[in-house]
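Here's the structure we're looking at; comments come further down.
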Amino acid sequence: MLRLAVATAAETFERMQAPLAARDIEVGHVETEERTIPLDASPFADYDVGFVYPSRIMEGGVADAMLDVPWVNDREAILRSRNKADVLARLGRADVPVPETVAVSNPASEADLTAAFERFDPPVVVKPNSTTRGVGVTTAHDLDSFLGVVDYLDLVHDYRAVGDRSFLVQEYLPDAADYRVMVVDSEYVGAVRRSLPDDARERGRWKHNVHRGADADGLDLPADLRDLAERAADVLDIPYLGVDLLVTDDRAVVNETNARPTIDAATKYEDGFWDDLAALIRETAGE
């Protein structure tokens, strides 16, 4: 039986165990964070393949050295997906539609920041380049508010240990439908539509992150949106990928990607999802 080291969230680990065991893949949990690890001996069991590379790069390097396994989504895949500007630049150059975006390498001059803001019809979205779960993402409705947000970022970035000072300024698509599309080995395997409850919208909420209270409902995604997500995964060369689409009445864009997406309830995926994932794991292991 193939042994799989899972270095991702507990809910994903729990959902993987039974379906993969039925496909002769034993799943073990590799804890890489919030613990102590003496470096003179590995605390981990023996495994054949990993899923997916840990989110913290320092801890991931230690686990990678001690486990010595190939990964479904290796270090480069995680770094590429986490760098939002990199993702959007790669996709845009490959003619995959993305939101209009300006990358800001902070600190930038007020003249450059003003010019960046004035490219858009307000409001604009301001987001850290490496954030997850919507952390730190906000909107600015006028130039003074935008420059005020940048002032706060300057205060945070003044701490010299902060490595990634960059952020994005992006067009705001207020009425867009928000989809998370799952792609395994270049093939669409399922999607959910993320939406806020009515009371949350009435309170002025607009972020559709599930971790912030949005609902995620499975659906039969249209073929053109399936193709768009698959194209994005191919361009980025990431075998197991969550692709976030924003869809309005007249366009669809790839907004972000996630190379460490949570595995959701099986009812939200296409038939054959677990077969496809098992096949990718075996392919990564060299079988």
Side-chain angles (χ1 to χ4, degrees), residues 2-21 25-87 127-137 156-157 159-167 180 182 184 194 207 209-214 216 236 238-244 256-265 277 280-281 284-285:
L2 195 71
R3 301 201 69 213
L4 177 68
V6 176
T8 190
E11 54 197 351
T12 289
F13 169 72
E14 292 166 359
R15 288 169 179 152
M16 296 177 80
Q17 292 181 78
L20 291 182
I25 298 175
E26 180 183 350
V27 176
H29 191 211
V30 174
E31 296 183 31
T32 63
E33 302 176 5
E34 299 181 4
R35 60 172 298 181
T36 60
I37 302 178
L39 299 183
D40 56 353
S42 175
F44 306 120
D46 292 330
Y47 292 95
D48 303 300
V49 59
F51 180 98
V52 292
Y53 196 91
S55 61
R56 297 185 183 180
I57 299 305
M58 187 277 283
E59 289 91 328
V62 171
D64 192 22
M66 292 181 169
L67 289 167
D68 192 26
V69 295
W71 293 88
V72 174
N73 289 5
D74 60 13
R75 179 179 183 274
E76 292 306 312
I78 300 304
L79 290 175
R80 187 179 309 129
S81 177
R82 182 179 295 172
N83 185 339
K84 299 179 189 301
D86 183 354
V87 165
K127 62 173 65 171
N129 189 45
S130 300
T131 192
T132 60
R133 300 184 177 183
V135 175
V137 180
V156 173
H157 292 157
Y159 180 48
R160 66 178 57 191
V162 177
D164 185 1
R165 302 185 175 200
S166 59
F167 62 91
R180 161 60 61 86
M182 294 287 286
V184 173
R194 300 182 295 197
K207 299 178 187 179
N209 304 83
V210 173
H211 293 90
R212 292 179 174 267
L236 297 176
I238 299 177
Y240 171 69
L241 191 65
V243 181
D244 294 346
E256 296 183 8
T257 63
N258 187 339
R260 303 187 84 254
T262 298
I263 291 181
D264 215 322
L277 187 59
L280 174 59
I281 291 167
T284 303

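Residue numbers run from 1 in the order of the sequence given. Since the model is a prediction, treat every value here as computed from it, not as a measurement.
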(request) List in chain and number order the residues that pass ring pair (Phe, Tyr, Trp, His ring centres under 6.0 Å) with Phe13, two or more places apart in sequence or in another chain; answer none if no residue qualifies. (result) His29
(request) Mark yes or no for whether Arg75, through its side chain, and Pro54, through its backbone, hold a donor-acceptor pair below 3.5 Å. (result) no
(request) Decide whether Asn129 and Asn83 meet the rule of one side-chain donor and one side-chain acceptor closer than 3.5 Å. (result) yes
(request) State whether Asp244 and Arg194 are salt-bridged, where the test is any N-O pair (Lys NZ or Arg NE/NH1/NH2 against Asp/Glu carboxylate O) under 4.0 Å. (result) yes
(request) Would you mind listing every salt bridge (charged side-chain N to carboxylate O under 4.0 Å, His left out) that reaches into residues 38-54, with sequence neighbours excluded? (result) none
(message) To the closest 0.5 Å, what do you measure between OG1 (Thr262) and CE (Met182)?
(response) 8.5 Å
(request) Specify the closest pair of heavy atoms between Ile78 and Arg260, including all atoms of both residues, with the distance to one decimal. (result) CD1-CG, 3.4 Å
(request) Measure the spacing between CG of Asn73 and CG of Leu79 and express it to the nearest 0.5 Å. (result) 11.5 Å
(message) Looking at every heavy atom in both Ser81 and Leu241, which two are closest together, and how far apart are they?
(response) OG-CD1, 4.2 Å
(request) Could you check Val6 against Val30 for side chain to side chain contact (heavy atoms under 4.5 Å, CB included), going step by step and ending with a plain yes or no? (result) CA-CA 6 Å; Val6 176; Val30 174; over 6 Å; no
(request) Determine yes or no for a side-chain-to-main-chain donor-acceptor pair under 3.5 angstrom, with Ser42 supplying the side chain and Phe44 the backbone. (result) yes
(request) Please name all residues satisfying salt bridge (charged side-chain N to carboxylate O under 4.0 Å, His left out) with Glu33, sequence neighbours left out, ordered by chain then number. (result) Arg56
(message) Can you give me the closest heavy-atom contact between Arg80 and Leu236, atom names plus distance?
(response) NH1-O, 2.6 Å
(request) Please name the pair of heavy atoms, one in Pro70 and one in Thr284, separated by the smallest distance, quoted to 0.1 Å. (result) CG-O, 3.4 Å
(request) Drop me the distance from Asp74's CG to Tyr53's OH, to the nearest 0.5 angstrom. (result) 9.0 Å
(request) Output the distance between atom CG (Leu20) and atom CG (Leu277), rounded to the nearest 0.5 Å. (result) 6.0 Å
(request) Tell me, please, which residues at least two apart from Arg3 pass salt bridge (charged side-chain N to carboxylate O under 4.0 Å, His left out). (result) Glu26
(request) List the atom of Ile263, the atom of Arg15, and the distance in Å for their closest heavy-atom pair. (result) O-NH1, 2.6 Å
(message) On a heavy-atom basis, which atom in Met66 and which in Pro38 lie closest, and how many Å separate them?
(response) CE-O, 3.6 Å
(request) Could you label the plane-to-plane angle of the Phe51 and Tyr240 rings as parallel, tilted or perpendicular, counting under 30° as parallel and over 60° as perpendicular? (result) tilted
(request) For the pair Glu256 and Lys127, find out whether any cationic side-chain nitrogen is under 4.0 Å from an anionic carboxylate oxygen. (result) yes
(message) Please enumerate all residues that pass salt bridge (charged side-chain N to carboxylate O under 4.0 Å, His left out) together with Asp68, with sequence neighbours excluded.
(response) none
(request) Show your reasoning for whether side chain to side chain contact (heavy atoms under 4.5 Å, CB included) applies to Asn258 and Arg82. (result) CA-CA 7 Å; Asn258 187 339; Arg82 182 179 295 172; over 6 Å; no
(message) If the condition is salt bridge (charged side-chain N to carboxylate O under 4.0 Å, His left out), which residues does Glu76 pass it with, not counting sequence neighbours?
(response) none
